[in-house]
Amino acid sequence: MMMIPDISQLPGQIEAALQFLCLTEQIAAPKNFGGSPEAGRDLTKTELEVKDSALIVLLEYFNHPVPAPEQRQPLQPSATGKPGDLPI
């Protein structure tokens, strides 16, 4: 069984990166637990750059090599058909 580390034990930079990634998910695809569905919005250029930086910090922290830009796979549309969604 894999143990999930207590987030209070993570360095501040890692915690901030994880929180920012959660925030970007809420912006792009807000959760609505009742009523009519709410549409998210596209991230701004600055938000996308910060998201990339957060992902790089997490990759480095967990000791994975950072993929070269030419090796990155473009995101494929999911079953919902929205570009940029992860496949289901």
Side-chain angles (χ1 to χ4, degrees):
M1 182 166 91
M2 183 177 199
M3 297 296 295
I4 299 173
D6 180 16
I7 196 160
S8 65
Q9 299 298 319
L10 293 177
Q13 188 176 19
I14 301 305
E15 185 176 351
L18 291 171
Q19 288 179 357
F20 188 79
L21 292 176
C22 289
L23 175 67
T24 59
E25 288 300 313
Q26 291 173 0
I27 290 171
K31 303 259 189 287
N32 188 3
F33 298 106
S36 61
E38 295 180 29
R41 66 168 174 82
D42 292 336
L43 298 175
T44 64
K45 181 180 177 185
T46 303
E47 289 169 333
L48 288 171
E49 290 173 356
V50 174
K51 183 178 179 179
D52 284 346
S53 295
L55 290 170
I56 289 170
V57 165
L58 291 172
L59 283 170
E60 289 174 352
Y61 180 78
F62 290 106
N63 203 20
H64 288 33
V66 177
E70 61 273 0
Q71 293 176 344
R72 293 182 186 166
Q73 298 287 332
L75 295 177
Q76 301 296 322
S78 69
T80 62
K82 290 191 262 179
D85 286 349
L86 293 175
I88 298 178

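Side chains of Lys51 and Glu47 form no contact here, defined as non-hydrogen atoms less than 4.5 Å apart. You'll find the side chain of Pro11 reaches within 4.5 Å of the side chain of Tyr61, heavy atoms only. Taking the side chain as every heavy atom from C-beta outward, Leu21 and Leu58 approach each other to under 4.5 Å.
Both Ile27 and Leu48 are members of a single hydrophobic cluster when ILVMFWY side chains are connected at heavy-atom separations under 4.5 Å. Taken together through direct or relayed side-chain contacts under 4.5 Å among Ile, Leu, Val, Met, Phe, Trp and Tyr, Val50 and Ile56 form parts of separate hydrophobic clusters.
Atom CD of Glu25 is separated from atom CG of Leu43 by 8.5 Å, given to the nearest 0.5 angstrom. Summarising the geometry, atom CG belonging to Asp52 is positioned 10.5 Å from atom CG belonging to Leu59; distances are rounded to the nearest 0.5 Å.
Counting heavy atoms of neighbouring residues, nucleotides and ligands inside a 6.0 Å radius, atom CD of Gln13 does not exceed 12 of them.
Listed here is the closest heavy atom pair of Gly40 and Pro30: CA-CD, 3.4 Å.
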